[in-house]
Each structure stands twice: as structure tokens, then as C-alpha cells.
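Quick notes on the structure that follows.
For ligands, and for the atoms within them, numbers begin at 1 and follow the listed sequence. If you're wondering where the values come from, they're calculated on a predicted model, not measured in any experiment.
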Amino acid sequence: MYSYYNENTILYFNGEYLKASEAKMDLYGQSLHYGYAVFEGLRAYKTESGEVKIFKVEEHFDRFRRSCELIHIPYKWTNKELVDACYKVLELNGLEEAYIRPLVFCPPNMTLKAAEEAHVMICAWEWGAYLGEKLLRVKTSSYQRPNPKAFKIESKSAGLYVNSILASQEAKAEGYDEALLLDINGNVAEGPGANLFFEKDGTIYTPAPGNILPGITRATVIEICAELGIPLVEKFFTIEELKQAEAVFYCGTAAEIVGWDSLDGQQFSKPFAQSLGKTIQQAYKAKVLEKEFKREAQVA
Ligand code: PMP
């Protein structure tokens with residue numbers, strides 16, 4: 001089992017810095033019993049100047065607040081105090097390149113009433129690319145993404161992730177690396193913890209918002225396409241259309257940008273190394289490290 005902390009690890013909890021091994025949570029909490037909690041996932045990078053910077057930190061904390069508001073968990077923190085806490089946690093643990101996990105959770109309550117109070121914690125650990133560096137063999141899941149009429153799917157809520165666990169575990173049990181989930185209408189939605197893009201005839205496509213978590217990495221990829229003059233289209237599309245793609249990739253804070261080898265055993269026509277996704281992957285890496293990116297030098 002991966003060890004996320006040791007006896008020296010410090011985390012942030014409700015305004016204090018505590019040893020992770022000594023911090024306590026109530027077993028009668030509404031979050032533990034009903035999945036009524038919100039989390040974020042951020043990455044810190046040691047940038048070219050040597051300074052440690054958390055990528056898109058304001059965007060993540062804006063989403064953290066919105067996620068709580070959408071499901072009526074009281075949110076009483078400013079971005080500044082939580083951003084400062086993230087940097088402090090990195091410093092106290094001597095971390096430079098790290099994954100940062102803020103979590104808001106609710107106090108003891110066995111009813112289904114909205115929370116009146118909430119706690120916040122922030123921890124961090126070293127974590128390599130979540131889906132690895134290899135091209136992914138992806139399987140269309142038998143699970144759909146949750147119905148947007150049954151949940152606030154744009155809220156990064158803990159409870160939603162049981163769907164992600166089921167899909168990911170099903171794909172792995174069948175020998176694949178990761179799952180792809182469709183939406184309630186049978187269109188392509190996203191991965192259990194990542195958004196999807198594909199390339200066809202010089203254009204990049206991605207599922208339109210509505211049935212997905214609109215990721216911050218997804219927004220960054222859209223930004224990169226605009227900067228590099230790569231045409232980009234957001235639309236709904238089927239799995240059959242995706243199977244005609246030349247190349248496909250997943251993106252997310254934890255996974256960063258990772259190309260696909262195949263979908264349901266069928267490979268794509270363009271090697272990922274020669275695809276627009278590869279250029280976007282390199283541009284993303286340059287962006288998080290605050291390095292200049294020159295496309296000409298990168299084209300294979
Ligand atoms: N979709 C889902 C379901 C996710 O869990 C994530 C990871 N937060 C993403 C997409 C990607 O979001 P982001 O780029 O903001 O990390």
C-alpha cells in the first residue's frame with residue numbers, strides 16, 4: 001500500500017498545522033457515512049526560476065468554493081488563507097514537486113440535513129503521474145457517468161467518486177489501464193478522474209460541458225490550443241466517432257496529459273508521438289514549469 005505520510009508529516013487542519021499521525025476525525029461524521037464532502041487536487045512544480053509554484057491555484061480554490069456551495073456545505077475560507085496554507089504545508093514537509101489534496105468535510109450528523117458547519121484539511125505528498133507515463137489501453141465502461149439531474153456533477157464531491165472507483169476497477173479487472181465512461185445520453189463523457197480530447201483532421205475535439213467535471217487541465221488544454229493556433233471544437237460525440245479518431249489523450253491535474261494506445265483493443269491511426277496531443281503535452285509541461293515553449297522545435 002502507498003504511504004501518504006509518515007510520523008513527521010504535517011497537515012493543515014482548521015487553521016492549525018498538525019502531525020498527520022495525530023490528526024483525528026469523528027467516526028459519526030456525515031461525510032464519512034454519506035460521501036457528503038468536497039475535495040480538490042492540485043500540483044506544485046519547481047518552476048524554471050527555482051521557485052515552487054502551485055499550478056492554477058486560484059482556479060482550484062474557486063472550484064473548491066463552488067463545489068461546496070453547489071451541495072450546500074458552508075464554506076467560510078478565503079482563497080488567500082487556503083493558498084497560504086498549501087505553501088506552508090509544502091514548506092513544512094520539505095516538498096517541491098507534490099500533489100496537494102484539500103478536503104472539506106462535515107461534523108457528526110446522521111440526518112440528511114445540509115451541514116451547518118464544516119472542517120477543512122490540506123495535505124500533500126509526492127505523487128508521480130497518476131496514470132503513469134505509458135500510453136493507455138482504455139476500455140469503454142459498463143458504467144455511465146452520474147445523471148446530471150441526480151447530482152450536481154460539476155461539484156467535485158466525494159460521493160461522486162464511487163462511480164469512478166467502480167469504472168476504474170472494472171477496467172483494471174479486465175486487464176485494461178483505465179476506463180472511459182459515457183454520459184446518460186450515450187455520448188462520450190470522461191474518464192474516472194480525467195477529461196478527454198481527440199484529434200481528427202488537424203482539429204482537436206472534446207466533450208461539451210454538461211455531463212462532465214469541467215477540469216482545470218481541460219481549460220488549460222483549450223488555452224494551449226488557442227495559443228498554438230490549433231482548432232478546437234467542444235461538442236457531444238459517440239463512441240463510434242471516437243473510434244475514428246487519429247489520436248486520443250486524457251488530461252487532469254493528477255494524470256497531467258497522457259496519450260491513449262487503444263480503445264477496446266482498437267489502436268488509433270496516428271502514433272501519439274506524432275500527434276497534436278504530444279505537442280500539447282509538451283506545451284503543458286512547459287506551462288506548469290513556467291518555461292518558454294516553442295512549437296517549431298517540438299514537431300516530430
Ligand atoms: N474529471 C473527473 C471526474 C476528475 O475527477 C478530474 C480530476 N479532478 C478531472 C476530470 C480533471 O480535472 P482537473 O483537470 O481539474 O484535475
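In E256, neither the side chain nor the backbone holds a heavy atom less than 4.0 Å from any atom of ligand 1. With a heavy-atom cut-off of 4.0 Å, S164 does not touch ligand 1 at all. The backbone of A194, and not its side chain, has at least one atom closer than 4.0 Å to an atom of ligand 1 (non-hydrogen atoms only; backbone = N, CA, C, O).
Nearest protein heavy-atom neighbour of atom 2 (C) of ligand 1: E190 OE1, 3.5 Å. For atom 3 (C) of ligand 1, the closest non-hydrogen atom on the protein side is R145 NH2, 3.3 Å. Nearest protein heavy-atom contact of atom 5 (O) of ligand 1 is Y161 OH, 2.4 Å.
Residue T217 has at least one N or O atom closer than 3.5 Å to an N or O atom of ligand 1. The shortest N or O to N or O distance between G191 and ligand 1 is not below 3.5 Å. Remark: ligand 1 and H60 share no N or O pair separated by less than 3.5 Å (distance only, no angle test).
If you look at F55 and Y284, their ring centroids are closer than 6.0 Å. Taking the six-membered ring for Trp and the full ring otherwise, the centers of W125 and Y99 sit less than 6.0 Å from each other. Close placement of the F198 and F237 rings is indicated, their centers lying within 6.0 Å of each other.
Formation of a donor-acceptor pair under 3.5 Å by the N187 side chain with backbone atoms of D183 is not found in this model. A side-chain donor-acceptor contact under 3.5 Å links R43 to the backbone of T253.
Atom-to-atom distance recorded for Q281:CD and I224:CD1 is 10.5 Å, nearest 0.5 angstrom. Here the straight-line distance linking atom CD1 of I280 with atom CD of E227 works out to 11.0 Å at 0.5 Å rounding. Separating the OH atom in Y75 from the CZ atom in R66 is a distance of 11.0 Å, to the nearest 0.5 Å.
Taking every heavy atom of T253 and a limit of under 4.0 angstrom, the matching atoms of ligand 1 come to 13 (P), 14 (O), 15 (O), 16 (O). For ligand 1, the atoms closer than 4.0 angstrom to any heavy atom of G215 are 12 (O), 13 (P), 14 (O), 15 (O).
The shortest heavy-atom distance from P192 to ligand 1 is under 4.0 Å.
When the heavy atoms of K156, R63, K56 are ranked by distance to atom 8 (N) of ligand 1, first place goes to K156. Of the listed residues (N195, I153, N163), the one carrying the non-hydrogen atom nearest atom 10 (C) of ligand 1 is N195.
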Start with the C-alpha gap between E170 and K139, add the side-chain angles, then the distance that decides, and say whether salt bridge (Lys or Arg N to Asp or Glu O under 4.0 Å) holds. CA-CA 9 Å; E170 177 191 66; K139 163 95 169 52; 5.1 Å; no
